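Worksheet for the structure shown next.
Computed from heavy atoms alone, side chains included, the values below leave out hydrogens, waters and symmetry copies. Letters A, B, ... are given to chains in the order of the sequence lines, protein chains preceding strands, and every chain is numbered from 1. All values derive from a computational prediction rather than experimental measurement.
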Amino acid sequence: METQRCPMCGRPNPPELEVCQYCQARLKPLWAEPSTGSSEAREAGISKSKPGLEPEEPLLPDWLIASRGQMSDEEPPQSEERGEDAFLLPPEEVEIDNFLGDLFSDEPAEEKEDVPEWLQALRGEKISEPQSSPLSESGEQGEPLPFWLGLGTGETEQAHAESASAEEKVPPFTESPFEGIDFDSDLLSLEEEKPAEIGAQPDIQPSLSPFEGIEPFLLEEEKLLSESPSPVEEKTALRAEETAPLPAEGDWTSETPPWLEALPGLEWEQGEPRGEEMPPEFLQGVVPPFVEADEELSEIEFPEWLNQVERSIEPELEAVMDTLTPPAIEMLADQEEGEIVPKEVEESHPQEDIPIEVVGPLHGLRGVLPAEPLVAEQKKPSKALSELLVTDKQRAQAELFLRLIEEEGKPKPIPAAKRAKPHTLWRALIFLALVVAATIGYLLAPFSTPPQELSVGVFDAMQAVNQLPAQAPVLLIVDLEGSDFAEMQATTGAMLDQMMIKGAFFVLVSANQNGALQADRLLREVSRLNGHHYQPSVGWVNLGYLPGGAAGMQAFVQSLTEVMPTTIDGDAAWQSDRLKNIRTLSDFNLVVVITEDSTRARQWLEQMKGHVPVSRLIFAVSAQVEPILRPYYEANPRQVQSVLAGIRDGAIYETQAARRGWAMQLWDAYTFVVMMGIALIFLGSLVYALFALLARRKGRAEREGR
Amino acid sequence: MNFDQPFLDLLGGALGLLLTLLVFSYLLGDHFLVRLIFYGYIGLMAGYSVVIAFNSVIYPLLVQPLIDNPVTGWIQTAVPLLLCGLLLLKLSTRLSKLGNLSLAFLVGVGLAALIGGAIQGTLVPQLSAVISPFDLERSAMAAEERFSAVVQGFLMLFGTVTTLTYFHFGARPRASGLARRLEWIETFSWIGQIFIAIALGLIFAGLLKAGFVALVERIQTMVNFVITLQGGF
């Protein structure tokens, strides 16, 4: 089966695919297939440069084929060997036409117009003079050929690798004698000053070499090496013959080529005796010769321009040195000794990391255009850059900041919440005092006079009760809890007693689930204490629990017979002789609401508004509800006939009615307990005020003592 | 097994005395017996509420009509039964949304009753009560009493306004970035706090008096029980 191999991963793919099914690399280049009607010269050139080209492959230039052939295991073409040899030859002997010029040398003018200018610039051609070679052009005009353009061919790649290895070996050499000297700018200035001398150096033509940007003296060494047969040349020739893929990284990076061993820096590194090293020929007379380590620099005469530079930067250097801290000085000293060497300098990118162009006219070239990962490669900053020069104050602040951060991260023990002391003793003492007061008040009764003054509320209630006809139906709405039964019995006992005297018939209802039971109990107790013989169904009817809250109250007020048709015992409530005339709430001669809940009292009052005449509505409530209901009673016009609140109103009622009831039985003890309570409140307030005063004086004394 | 009434009274009194003392012992701290009494009281009240609800509501309003007259009873109780059934679906997480109808009905009716009653029974009458002291023509009081009525009316109006102002929490941002009420609102609010404190003090005093009455009644009951025991023995 016919397959095509991926140029990236090398795996076979079906011929109809345009993208590799494994690595998604493009299998077929984007450029158009050359037409069959191309010129014969071009076909001849192609067949000459790449005889083994498959017929279905597009016509590729030989430099591109050479670039591909370098990655394959095939025998490299002869042109590659030529190119490599030419690279190592002196620049003027290089056959430039083989570099790129063979490509389109026979192309007609129309086809050349299709080539974009940038590609022509890449090729080094002049648009106006396409026949001239880029190297000759650059050599004539002094425009150097970009170094990266040479990476596309195997020769330049190898040369680049060698130059890179040379650069890696160079640092000891470049750092010590030429530290801080910018050769590009300085040498340019020297060229301007001494054009004749520079012109006399025929080897210094950096534009003709792929070592663009490399120090000129390295080029000098390169030239010397290229002129004489060297192991490097033999090695490269051997590589070309073997057409093996690029050697492993360790092969050419770990081994130092002989030409590089001749460099003076390497001799220093190898610990050879340092003699007086002479600078390159073009620098003789400008740069002093390399001196021994034990020779004082002050004894050397530097050129005037270097002295001027030194004088100009001397104040700045002194200022910088003043700001340096001892750690920073140590760090700089380490850097000078070469202990801090960034790892990036030592690392080199392996050949496999350099991407290969997969589309366009540069298809198959490795590293021609710097790919984005290579350009945007994140490098770890050197230690010299990562360590800031800080002053002592800044260092102290940084340490403080770090300490704060560390302390924030540490878990802090949660302080135990201060629980209020139970004050068990105080509570027991207060309780004991109240119990003693109640007991004494009950046992020593009667020792206090009953309340004689007639309050307005009691007067109005008595007036409403006195106006009751005999056997009158009275609605008792009892919303009570068991805890407040004693107070409510004391409040309403006298009033209910008066009603029983008149033979009132009670209808009990409650919006509280316990209310029905408490209502029954209340009437029983009042009847028992006052000597009446009231019994259920004879003296009262208990309708039971009224559900629904405020809505139930409203429904009951609007149609009580329908909402509560039966008694709590299940009997028909409204069919007795005493209730057969009752249809609405206003049919009752009196409506009494007995509750200790302010909310329920207010809801009953609101719902009964307009359904019960005010003169027939009485509220008997607990003392705690009185402040809520008092505005309804004291309003003008009032909304209720009377409000009986607490044991005091019950005692007044009993006094006015001359009937000693439940309220008067509790009154003496209650008075005694209330007096004890007032005394305790006063005493407690006094003690707390005394403690607060002492604490305040203590705090003031402490502040003054400080 | 027959018990005569004095024995039952004695037993009830002793039990009441014991329970009362145990509740009083809560002053010394929380302990098992107190909690036992509290739990027993809560359980007793819950059970009693269920019985009351069934006897007073469910049976007479839902069951009894169906027993008395099934035909008309179903018609009468159809809607309540449907709403009750939907409300029971609240127990299911999947069908609980169907119970929202019953819940909406309950909340809507309850709020309507509350709001209507509050407006009709409290808001309007109380506003009228605040204004009425200044209606001198309607007042049948003597001339010397009118002055005190007007003063009282001013005091009531002032107390009402300042108390309501205290519950005004609208504020505007100041230049300093703090949001504070206007100065006159702050002043009125501070005065309103005094009226509120007086009202709360009255409520607390009433609560204390109710507590004193309950304490006195309990002490008296225990003393009577002890006296009865002494008389018996």
Side-chain angles (χ1 to χ4, degrees), chain A residues 422 424 427-428 431 434-435 438-439 441-443 483-484 486-487 490 513-514 516-517 544-551 553-554 565-566 568 570 596 598 602-603 605-610 622-628 631-632 634-637 639 645-648 665-666 669-670 673-674 677, chain B residues 24 27-29 45 48-49 51-53 55-57 59-61 64 106 109-114 116-122 125-126 128-130 132-133 135 138-139 149 156 198-224:
Chain A
T424 306
R427 284 194 299 187
F431 172 73
L434 294 176
V435 168
T439 306
Y442 178 67
L443 294 177
S483 59
D484 294 308
E487 184 189 16
Q513 290 177 335
N514 294 325
L517 190 64
Y545 170 57
L546 174 66
M553 294 176 189
Q554 190 179 41
T566 60
I568 195 172
E596 91 290 358
S598 60
R602 185 173 50 81
Q603 286 177 353
L605 193 148
E606 290 172 353
Q607 299 302 328
M608 285 191 294
K609 172 75 175 177
S622 172
Q624 56 187 315
V625 183
E626 184 183 7
I628 305 297
Y632 296 93
E634 294 188 353
N636 186 15
Q639 293 179 250
I647 190 175
R648 182 175 180 275
Q665 290 183 19
L666 298 177
Y670 169 76
V673 170
V674 168
Chain B
F24 284 162
L27 287 168
L28 304 176
M45 293 306 299
Y48 180 74
S49 299
V51 172
I52 289 295
N55 283 338
S56 302
V57 181
Y59 183 79
L61 297 180
Q64 189 70 39
L106 286 175
V109 171
L111 284 179
L114 280 175
I119 292 173
Q120 186 181 1
T122 298
Q126 290 301 307
S128 175
V130 172
S132 60
D135 187 2
R138 289 181 55 187
S139 177
M156 289 170 56
I198 292 172
L200 292 178
L202 282 175
I203 293 173
F204 177 73
L207 193 63
L208 196 63
K209 286 194 290 184
F212 284 159
V213 173
L215 175 67
V216 168
E217 189 269 338
R218 280 292 89 193
I219 298 297
Q220 186 172 327
T221 303
M222 288 191 296
V223 170
N224 285 336

Subject >> Contact check, side chains of A:K609 and B:T122, non-hydrogen atoms, under 4.5 Å >> reply: no
**OP:** Using a cut-off of under 4.5 Å on heavy-atom pairs, state which of B:A210, B:G29, B:G211 scores highest against chain A.
**Re:** B:A210
**OP:** Name the member of B:G121, B:A129, B:P60 that forms the most heavy-atom pairs with chain A at distances under 4.5 Å.
**Re:** B:G121
What part of [X] gets closer than 4.5 Å to chain B, counting heavy atoms only: side chain, backbone, both or neither?
X      : result
A:A669 : both
A:R602 : side chain
A:S483 : backbone
A:L443 : side chain
A:L666 : both

Original post:
Nearest 0.5 Å, what's the CD1-CD1 distance between B:I52 and A:I568?
Top reply: 4.5 Å
Original post:
To the nearest 0.5 Å, what is the distance between CG (A:N514) and OG (B:S49)?
Top reply: 6.0 Å
Subject >> Sidechain-backbone polar pair: A:E487 side chain, B:K209 backbone, donor-acceptor under 3.5 Å >> reply: no
Report which part of [X] has an atom under 4.5 Å of a heavy atom belonging to chain A: side chain, backbone, both, or neither.
X      : value
B:L215 : side chain
B:M45  : side chain
B:L208 : side chain
B:L27  : both

Can you name the closest pair of heavy atoms from [X] and [Y] and give their distance?
X      : Y      : answer
A:V674 : B:F212 : CG2-CD1, 3.8 Å
B:P125 : A:Q639 : CB-OE1, 3.0 Å
B:V57  : A:P547 : CG2-CG, 3.5 Å
B:G117 : A:Q607 : CA-NE2, 3.8 Å
A:T439 : B:V223 : CG2-CG2, 4.2 Å

**OP:** Could you please spell out the steps behind the side-chain hydrogen bond (donor to acceptor under 3.5 Å, both in side chains) verdict for A:Y442 and B:N224?
**Re:** CA-CA 10 Å; A:Y442 178 67; B:N224 285 336; 2.4 Å; yes
Partner chain B: residue of [options] with the largest heavy-atom pair count (under 4.5 Å):
options                        : value
A:G677, A:A645, A:P627         : A:P627
A:P565, A:G570, A:G441, A:A486 : A:A486
A:G549, A:P631, A:G646         : A:P631

Original post:
Just wondering, are more than 12 heavy atoms of other shown residues or ligands nearer than 6.0 Å to OH in B:Y48?
Top reply: yes
**OP:** Please report the C-alpha distance between B:E217 and A:Q665 in whole Å, then the side-chain angles of each, then the deciding distance to 0.1 Å, and finally whether the side chain to side chain contact (heavy atoms under 4.5 Å, CB included) criterion is met.
**Re:** CA-CA 9 Å; B:E217 189 269 338; A:Q665 290 183 19; over 6 Å; no
Original post:
When you look at B:I203 and A:I628, which way does the side chain to side chain contact (heavy atoms under 4.5 Å, CB included) test go after all the steps?
Top reply: CA-CA 8 Å; B:I203 293 173; A:I628 305 297; 4.0 Å; yes
